[in-house]
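Written out below as structure tokens is the structure these notes cover.
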Amino acid sequence: MKFTRKANAVWEGSGKTGKGNLSTASKVLDKTKYSFHTRFEDGEKGTNPEELIGAAHAGCFAMQLSFLLNESNFTATTLDVDATVTFEDGAITKITLDLEGDVPEIDAEKFQEIAQKAKEVCPVSKLLNTEIELKVTLKTA
């Protein structure tokens with residue numbers, strides 16, 4: 001299977017005082033604001049590249065894990081993934097995926113094994129050239 005997706009960024013002004021907006025073909029993002037302040041400070045409304053990378057990674061990983069669980073005859077009730085993107089000295093140096101799953105009839109060892117495989121084969125994981133840490137919690141009934 002092959003497909004493409006498209007996004008657009010518009011930036012106006014200098015790096016520190018300028019501003020921009022991000023849009024996707026699906027219009028989920030439609031001129032969503034981003035700036036120096038939304039990237040390097042807290043409080044101003046808008047997004048930033050690191051936040052979007054985190055969302056993309058968490059979403060891709062959760063979907064990949066769901067497929068792999070299904071291949072092993074398990075179906076998740078819930079897979080809740082937080083992605084924490086660490087930016088330091090001009091680079092993204094680490095992403096921590098913090099997974100909490102509710103998967104009936106699976107034991108913690110098998111869940112960890114399948115989650116690890118999902119981390120390795122997730123297309124976004126493969127794209128990113130940084131350390132990716134995985135923390136796994138299985139909810140018990």
### Task
For the pair T86 and I92, evaluate side-chain contact (heavy atoms from CB on, under 4.5 Å) and give the outcome as yes or no after the intermediate values.
CA-CA 6 Å; T86 302; I92 293 172; over 6 Å; no

#### Entry: ILVMFWY cluster, L138 and F61 together (side-chain gap under 4.5 Å)
yes

### Task
Mind checking the CD-CD1 spacing from E50 to I95? Nearest 0.5 Å is all I need.
9.5 Å

### Query
Taking E44 as the fixed residue, which of K33, H37, R39 is the one that meets the side-chain hydrogen bond (donor to acceptor under 3.5 Å, both in side chains) rule?
K33

### Query
So, do T75 and V103 sit near enough that their side-chain heavy atoms are less than 4.5 Å apart?
no

### Task
Consider only side-chain heavy atoms of I, L, V, M, F, W and Y, link residues closer than 4.5 Å, and tell whether I132 and L79 are in one cluster.
yes

### Task
Check E120 against K126 and note the closest heavy-atom contact, atom names and distance.
O-CG, 3.5 Å

### Query
Should K135 and L99 count as side-chain neighbours, where that means a heavy-atom distance under 4.5 Å?
no

### Message
A side-chain contact here means heavy atoms from C-beta on lying under 4.5 Å apart; do T32 and N21 qualify?
### Response
no

### Task
Begin from the C-alpha positions of V85 and E51 and carry the test side-chain contact (heavy atoms from CB on, under 4.5 Å) through to its verdict.
CA-CA 7 Å; V85 178; E51 181 178 69; over 6 Å; no

#### Entry: Heavy-atom side-chain proximity of V121 to Q64 below 4.5 angstrom
yes

### Shortest non-hydrogen contact from L69 toward A76
CD1-CB, 4.1 Å

### Shortest non-hydrogen contact between A83 and G54, atoms and distance
CB-O, 3.3 Å

### Message
Is any side-chain heavy atom of V10 closer than 4.5 Å to one of L22?
### Response
no

#### Entry: ILVMFWY network linking I114 to V124, side-chain heavy atoms under 4.5 angstrom
yes

### Task
Apply side-chain contact (heavy atoms from CB on, under 4.5 Å) to K110 and E113, showing your working.
CA-CA 5 Å; K110 185 69 172 174; E113 174 190 320; 3.4 Å; yes

### Query
Where is the tightest heavy-atom contact between C60 and C122, given as atom of each residue plus distance?
SG-SG, 3.1 Å

### Stepwise side-chain hydrogen bond (donor to acceptor under 3.5 Å, both in side chains) test for T96 and E133
CA-CA 5 Å; T96 299; E133 180 181 5; 3.3 Å; yes

### Message
Are I53 and F40 linked, directly or through intermediate hydrophobic residues, by side-chain heavy-atom contacts shorter than 4.5 Å (ILVMFWY only)?
### Response
yes

### Query
Are any of the side-chain heavy atoms of L128 and H57 separated by less than 4.5 Å?
yes

### Query
Under 3.5 Å, side chain of N48 to main-chain N/O of T38, donor-acceptor pair present?
yes

### Query
Is L52 close to T47 at the side-chain level, that is, under 4.5 Å between some pair of heavy atoms?
yes

### Qualifying residue for side chain to side chain contact (heavy atoms under 4.5 Å, CB included) with V81, from D98, L65, L97
L97

### Task
Give a yes or no answer on whether the side chain of T78 reaches the backbone of D102 with a donor-acceptor pair at less than 3.5 Å.
no

### Task
Give the intermediate values and the outcome of side-chain hydrogen bond (donor to acceptor under 3.5 Å, both in side chains) for residues T93 and E88.
CA-CA 7 Å; T93 57; E88 60 185 329; 2.9 Å; yes

### Task
Please indicate whether E105 has more than 12 foreign heavy atoms, meaning atoms of other residues, nucleotides or ligands, lying under 6.0 Å from its CD.
no

### Query
Are M63 and I106 in one and the same hydrophobic cluster, where Ile, Leu, Val, Met, Phe, Trp and Tyr link if side-chain heavy atoms are under 4.5 Å apart?
no

### Query
Can you check whether F74's main-chain N or O pairs, donor with acceptor, with N70's side chain at less than 3.5 Å?
yes

### Task
Could you tell me whether D30 atom CG has more than 12 heavy atoms of other residues or ligands within 6.0 Å of it?
yes

### Contact check, side chains of F36 and K19, non-hydrogen atoms, under 4.5 Å
no

